[in-house]
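What follows is a single structure, written as structure tokens, with notes after it.
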Amino acid sequence: MTPRHETASGTINALQLLFFLGGALTLLFWEQAPIPDSLQSGDAPLWVTGLVLCADVLLCMSPLALAVQPLVMCVLGAACCREAHMILQAPGDAGIRLLLLLLLVPLCFLLGGRGIWNGLLLARVIRADPDGLGSSVRLGCVLAIFGLAALCLLGRILRYS
């Protein structure tokens, strides 16, 4: 969710809601959904929602939010659909689970919308003012991304060798 005075706020909020509902409806209507057994356990949907919140926090100041946020919102929708199904099946401890769901989902929407907005602003600045940031900043960003990818690849190679 983004503030109303920002120009793309309605579009961002509507797209977030569509991706959220798309993930929930996919899980709801796809009868043979390939859900791993680890995600069918008791607290797994709440853990997935927490991981989505962590991803939103990490992507809040990154242009990568533009590419990752739609997938994250689909995962959030599916996790919330699964959690609602679990709440309806086990009404004994439904109060705290419903409260957690009602607190985490709006927070995910708020941080996700802010991440998309910040990503749009950063992309506009980089694209519109090539000399304002300087080519050294862009080159540094590219090198940092490739360096991180190389470190991850090296870590996997060392772990499996």
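Here the shortest heavy-atom pairing between Met86 and Arg97 reads SD-NH2, 3.9 Å. The heavy-atom pair separating Ala65 from Gly115 by the smallest distance is CB-O, 3.6 Å.
The distance from the SG atom of Cys81 to the CG atom of Leu76 is 11.5 Å, given to the nearest 0.5 Å. Separation of atoms CZ (Arg82) and OG1 (Thr49) is listed at 12.5 Å; rounding is to 0.5 Å. In this structure, the separation between CH2 on Trp117 and OG1 on Thr11 is 10.0 Å, given to the nearest 0.5 Å. Ile116 contributes atom CD1, which lies 7.5 Å from atom CG of Leu15 (distance to the nearest 0.5 angstrom). To the nearest 0.5 Å, the span separating CZ on Arg114 from CG on Asp56 amounts to 13.0 Å. Note: Asn13 CG to Phe109 CZ = 8.5 Å, rounded to the nearest 0.5 Å.
In this structure, Gln69 and Phe19 have side chains that are not in contact, with every pair of non-hydrogen atoms separated by 4.5 Å or more.
Checking each of Val52, Leu111, Leu107 against Val57 for a side chain to side chain contact (heavy atoms under 4.5 Å, CB included) leaves exactly one that passes, namely Leu111.
Between the Asn118 side chain and the Cys60 main chain, a donor and an acceptor come within less than 3.5 Å of each other.
For Leu101, the side-chain contact (heavy atoms from CB on, under 4.5 Å) test picks out Cys80, Glu83, Ile87, Val105, with sequence neighbours left out.
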